[in-house]
*Asks:* 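Quick one: the structure is below, and I'll ask about it shortly.
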Amino acid sequence: MNATSLPIPTLEAPAYGALQRQMHDALLAQHPEWIERDGSCLTCDDYDRRFAELLSFSLAFEGAHVHQL
């Protein structure tokens, strides 16, 4: 799994890490053809990166929404 991720609140890091690992493992199990000879999975890395981006946007939106209330 690629370690590329965006900053997330410390309290949410363990849950985020566990969810990201589950998603990564599920992708590998469902798509073994994506795994390179060296064991890397560039497509999985792209999914991991996109998940981190979406989570970051979601948390930023949630934080901005809370400040507006």
Side-chain angles (χ1 to χ4, degrees):
M1 178 169 66
N2 189 335
T4 302
S5 62
L6 301 174
I8 57 172
T10 304
L11 294 176
E12 295 182 25
Y16 164 78
L19 180 57
Q20 187 177 31
R21 171 45 73 192
Q22 287 177 336
M23 290 173 54
H24 187 88
D25 291 346
L27 285 171
L28 290 175
Q30 293 173 17
H31 298 283
E33 71 276 10
W34 292 353
I35 303 171
E36 302 291 329
R37 289 181 188 252
D38 65 0
S40 66
C41 179
L42 299 177
T43 304
C44 293
D45 292 345
D46 287 341
Y47 274 84
D48 292 340
R49 189 172 16 266
R50 184 65 178 146
F51 175 67
E53 290 173 2
L54 291 173
L55 181 61
S56 176
F57 293 142
S58 175
L59 293 173
F61 176 78
E62 187 177 290
H65 181 67
V66 169
H67 290 337
Q68 290 178 354
L69 296 178

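All of these numbers come straight from a predicted model, not from anything done at the bench.
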*Asks:* Mind checking whether Y16 and M23 sit in one hydrophobic cluster, side chains of I, L, V, M, F, W, Y counted as touching below 4.5 Å?
*Replies:* yes

*Asks:* Rounded to the nearest 0.5 Å, what separates atom CZ in R21 from atom CG in D48?
*Replies:* 8.0 Å

*Asks:* Nearest 0.5 Å, please: how far is CG in D25 from CD in Q30?
*Replies:* 11.0 Å

*Asks:* Salt bridge between D46 and R50, side-chain N to carboxylate O under 4.0 Å?
*Replies:* no

*Asks:* When rounded to the nearest 0.5 angstrom, what is the spacing between NE2 in H24 and SG in C41?
*Replies:* 6.0 Å

*Asks:* In the single-linkage hydrophobic clustering (I, L, V, M, F, W, Y; side-chain heavy atoms under 4.5 Å), do W34 and L42 co-cluster?
*Replies:* no

